[in-house]
Amino acid sequence: MIDIIRLNVENFGYVGKGEIELAPITLFIGPNNTGKSYTAMFLYASIESMIESIQKIIREGFLRFIEMKDLGNLLEKLVNEYREKAQSLAKEPKSHRKNEELNKLLGEFVERGMELYINELNKLLNSKNFKKLVIEEIERVFSSRITDLVRRGSSEMRANIKLKGKFFELSCDLKVSMPKPRIKQDRNANLDIKLTAKTDAILGSLEKGVKERYYRLFRVITSRRVTSEEFLPYLPYLLEILEDLLEDLEIDFAKFDIHYLPASRAGILYSYRTVASAIIKSVPSMPIRGAEIPSVPGTLADFLAELISLDPRAINISDELKEIIESLEEILEGSVELVRRGDISLPEPIYRSKEFEFPLSNVSSMIAELSPLDLYLKYGSIKKNDILIIEEPEAHLHPDKQAKLIEVLTLLAKRLGVRVIITTHSDVILNKLSNLVMAGSSNAPEFRVALKPEDVKIYNFRKDEGYSIVEEVKVSETGIRDDVFKKIIEELYEEHMKLYYRVQKLRAGGRIRDCEEDKD
C-alpha cells in the first residue's frame, strides 16, 4: 500500500511548474487548457508503468533477470567480511556485551544483505528493457512521442514522481530534451529509477521465527571460512532474505490498481456494443489481414478494455461497498448491470430502474457518465487501496447530483482507502468538499461521512504568460478557500447589477416596459 505520492513537473505540456502531493481526495481546478488532464494522464502513465515494472519482477522472479554466479560472488564476499567480525567476537568470554554485539552484527549483516539485493534490483529497474517499458507506457497513454510533452518554447522537460510505501520508496526522474535541428541525438529521454528500502521497517516486520532463522544461519555461515564451491549450499538460505524483501515489495507496490475514467466516457458507453462487436468479429482475421487500429490516447483504450474485461459473475459486494453502491444508485435512480444477450459474446451493460430497462445507448447522458463507476464497483474492478482518476465528474449532472456524487467519492476514499483524483470546473464540487471538511472539524452528526483538512488537496492550475503554474489551495478546519470560482461569481454579479441598474434607468425613462405590462 502506497502512503505518499508526490509529483514535480517542469515545462510539461501546458504546465510551467508544479508540485503535487496526492491526498485521499485530490482536486485539479482551473481554466481550460492549463494542463489538468495532462497532469492526471501523466500520473496515470508513470504510476502504471512503475508499478508494472515491480510487478513484472515479482511475477516472473527476480532471479530470472540476473546471473546467479555474479550474485553468489557478491554474497560470498559479504559473508566472508562478516565472518571475520563474528569470529573475533566468538573468542571473547560470554557476556551481556558480547550478545549485544552479536545481535548488532546480525542486524548489520541482514541490512547489508538487503542493500546488496536492492542494488541489484536498481540495476535491473534501470536496465534498457525496464526503462523502455516506462517510456513506451507514457507514449502510449498520450498517443504521442515523449518529446511532444515538452512545453512549447522550452528545450527541456523534467518530471519526478515518488511513491512511498511502508517498506520502500520508489522514485522516477525523467528528463526529456527537444531534438536539435540537424544534430544527431540518440537519446532524447533520460530516465533514472531508484528503489530505496526502509530497512528499520522491514527488519521490524520480521516475525520472531524469521529472526531466529537468520541468527542460526548467521552462526553457521560465519563459523569458518569457505571456498566458492563450499559456499553454494548456503546460497538458498541467503536467498531467504531476498524472499522476505520481495514479499514486502509486493505489499507496497503490487496489491493495488489504477483506473482512469476519461472525460469522453459517455460517448464510449453509447457506442460500447458497436465497438465491442467490431473488435470481436475482427479478431480471427487480424493475423491474416492485419489490423489498422486508429491511434487513441491510452486512457481511452484502457477504459474500454477494462469495461470489456468485466465479468458479470464477479459480484462480491462487502458491506462497505454495498453502502457506496447504494448511494451511487440513488443518484442514478436505478442500477447498471451486465447481461449477455443477442449475438455479442461480451456482456452488455444495461440500465434498470423500477419502471424501465434500457441499453446504455438509450439512456440519458447523466446515466452514461456515472455507469462506469457503478460497474467498476459492482463487478470488482475497484478494490481497497486502488487509485481512481476521474475527469469532470460533474458533466451532465444537476448541481444537486454533483453534491451527492462527491459524497459517494468521499465514501470511496474513507471506507475503502481508494485514492481519488478529480479534474473539475465545478464550484458545487468544491463547495461540497469544503462543507465535508467543516463537518469533520465540527463533528456534525447529520453527515454520514466527513473529511479532515489533511484528507483533501486542491491544486489550482493558474494561467501565466504562455503556460500555467500549479498552486496549492489552502484547506483548513474552516473549509476550502475559494478564490478561483468566487472571483468569477463576483464578476458575474457585478455584471448583473450593472445591467440591472441600466434596465431600471431605461424603464424610468419609459424606454423599456416591464414583462407584466407586455402581458396586459
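Between Ile118 and Leu245, some side-chain heavy-atom pair lies under the 4.5 Å cut-off. Residues Glu137 and Glu52 form no side-chain contact, since every pair of their non-hydrogen atoms from C-beta on lies 4.5 Å or further apart. With contacts defined as side-chain heavy-atom distances shorter than 4.5 Å, the pair Phe28/Leu43 qualifies. Residues Met50 and Ile193 have side chains not in contact (no heavy-atom distance under 4.5 Å, counting atoms from C-beta outward). Side-chain contact check for Leu22 versus Ile387: every heavy-atom pair is 4.5 Å or farther apart. Residues Lys378 and Leu338 form no side-chain contact, since every pair of their non-hydrogen atoms from C-beta on lies 4.5 Å or further apart. The shortest side-chain heavy-atom distance between Leu133 and Ser49 falls under the 4.5 Å cut-off. Side-chain contact between Val9 and Val470: absent, with no pair of heavy atoms (C-beta onward) separated by less than 4.5 Å.
The pair Glu407-Lys404 does not count as a salt bridge, with every side-chain nitrogen at least 4.0 angstrom from each carboxylate oxygen. A salt bridge is absent between Arg140 and Glu48; no separation between the charged side-chain nitrogens and carboxylate oxygens falls under 4.0 Å.
Of the possible polar contacts, none joining the Asp192 side chain to the Asp173 backbone as a donor-acceptor pair under 3.5 Å is found. Not a single donor-acceptor pair under 3.5 Å links the side chain of Asp257 to the backbone N or O of Asp386. In this structure a side-chain-to-backbone donor-acceptor pair under 3.5 Å is missing from Asp248 to Phe167. Formation of a donor-acceptor pair under 3.5 Å by the Asn188 side chain with backbone atoms of Val176 is not found in this model.
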### Message
salt bridge (charged side-chain N to carboxylate O under 4.0 Å, His left out) for Glu21 and Lys164? Distances and angles first, verdict last.
### Response
CA-CA 11 Å; Glu21 181 176 331; Lys164 291 186 177 182; over 6 Å; no

#### Entry: side-chain contact (heavy atoms from CB on, under 4.5 Å) evaluation trace for Tyr38 with Val15
CA-CA 9 Å; Tyr38 243 50; Val15 179; 6.0 Å; no

### Derivation of the side-chain contact (heavy atoms from CB on, under 4.5 Å) call for Leu328 and Leu405
CA-CA 7 Å; Leu328 179 61; Leu405 178 60; 4.1 Å; yes

### Task
Could you walk me through whether Thr423 and Glu392 pass the side-chain contact (heavy atoms from CB on, under 4.5 Å) test, one step at a time?
CA-CA 5 Å; Thr423 68; Glu392 299 175 16; 4.2 Å; yes

### Test salt bridge (charged side-chain N to carboxylate O under 4.0 Å, His left out) applied to Lys17 and Glu10, step by step
CA-CA 4 Å; Lys17 189 173 183 181; Glu10 188 176 337; 5.9 Å; no

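To the nearest 0.5 angstrom, Asn8 atom CG is 5.5 Å from Asn160 atom CG. Atoms OG and CG, on Ser434 and Asp427 in that order, are 11.5 Å from each other to the nearest 0.5 Å. In this structure, the separation between CD1 on Ile350 and OG on Ser361 is 11.5 Å, given to the nearest 0.5 Å. Distance CG/Leu310 to OH/Tyr379: 8.5 Å, rounded to 0.5 Å. Taking CG from Leu433 and OG from Ser426, the interatomic distance works out to 9.5 Å, rounded to the nearest 0.5 Å. Residue Ile47 holds its CD1 atom at 6.0 Å from CD1 of Ile421, rounded to the nearest 0.5 Å.
Side-chain contact, Tyr260 with Glu391: a donor N or O sits under 3.5 Å from an acceptor N or O. Residues Thr478 and Ser476 bring a donor and an acceptor atom of their side chains to less than 3.5 Å of each other.
Nearest approach of Glu454 to Pro24, heavy atoms of both residues: O-CD, 4.0 Å. When every heavy atom of Val428 is checked against every heavy atom of Pro399, the shortest pair comes out as CG1-O, 3.5 Å. What you find for Asp252 and Ile2 is that their closest heavy atoms are O-CG1, 3.6 Å. Taking all atoms of both residues into account, the shortest heavy-atom contact from Gln55 to Ala254 is NE2-CA, 3.5 Å. In plain terms, the two heavy atoms of Met178 and Ser154 that are nearest each other are CG-O, 3.6 Å. Closest approach of Glu156 and Ser177 over heavy atoms only: OE1-OG, 3.7 Å.
Among residues two or more places apart in sequence or in another chain, the side-chain hydrogen bond (donor to acceptor under 3.5 Å, both in side chains) test is passed with Ser155 by none. In terms of the salt bridge (Lys or Arg N to Asp or Glu O under 4.0 Å) criterion, residue partners of Asp455 (sequence neighbours excluded) are, by chain and number, Lys414. Take Glu139 and apply the side-chain hydrogen bond (donor to acceptor under 3.5 Å, both in side chains) test, not counting sequence neighbours, and it matches no residue. Remark: Ser127 pairs with no residue by the side-chain hydrogen bond (donor to acceptor under 3.5 Å, both in side chains) rule, at least two apart or across chains. For Glu337, the salt bridge (Lys or Arg N to Asp or Glu O under 4.0 Å) criterion is met by Arg352, not counting sequence neighbours. Applying the side-chain hydrogen bond (donor to acceptor under 3.5 Å, both in side chains) criterion to Lys198, with sequence neighbours excluded, gives no partner residue. In this structure Lys194 satisfies the salt bridge (Lys or Arg N to Asp or Glu O under 4.0 Å) test with no other residue, sequence neighbours excluded. For Glu136, the salt bridge (Lys or Arg N to Asp or Glu O under 4.0 Å) partners two or more places apart in sequence, or in a different chain, are Lys132.
The aromatic rings of Phe253 and Phe168 sit tilted relative to each other, their planes meeting at an angle between 30° and 60°. Taking the six-membered ring where the residue is Trp, Phe142 and Phe12 present perpendicular rings, their angle passing 60° and hence far from 30°.
Applying the 6.0 Å contact sphere to CD of Glu446 captures more than 12 heavy atoms from other residues, nucleotides or ligands.
Counting only residues at least two apart or in different chains, salt bridge (Lys or Arg N to Asp or Glu O under 4.0 Å) contacts with residues 23-37 are absent. Within the structure, side chain to side chain donor-acceptor pair (under 3.5 Å) contacts touching residues 466-475 (residues at least two apart or in different chains) are Lys457-Glu472, Arg462-Glu471, Asp464-Tyr467.
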I'd like a table of donor-acceptor pairs (distance under 3.5 Å, sequence neighbours excluded) in which one partner is a side-chain atom from residues 362-373, with atom names and distances.
from, atom 1, to, atom 2, distance (Å)
Ser364, OG, Ile367, N, 3.4
Ser365, OG, His396, ND1, 3.4
Glu369, OE1, Arg265, NE, 3.2
Glu369, OE1, Arg265, NH2, 3.3
Ser371, OG, Ile367, O, 2.6

Let me have the donor-acceptor pairs involving side chains of residues 317-326, under 3.5 Å, with sequence neighbours excluded, atom names and distances please.
from, atom 1, to, atom 2, distance (Å)
Ser318, OG, Leu321, N, 3.2
Glu323, OE1, Arg415, NE, 3.3

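For the side chain to side chain contact (heavy atoms under 4.5 Å, CB included) with Leu121, the lone residue among Ile57, Asn126, Ile54 that qualifies is Ile57.
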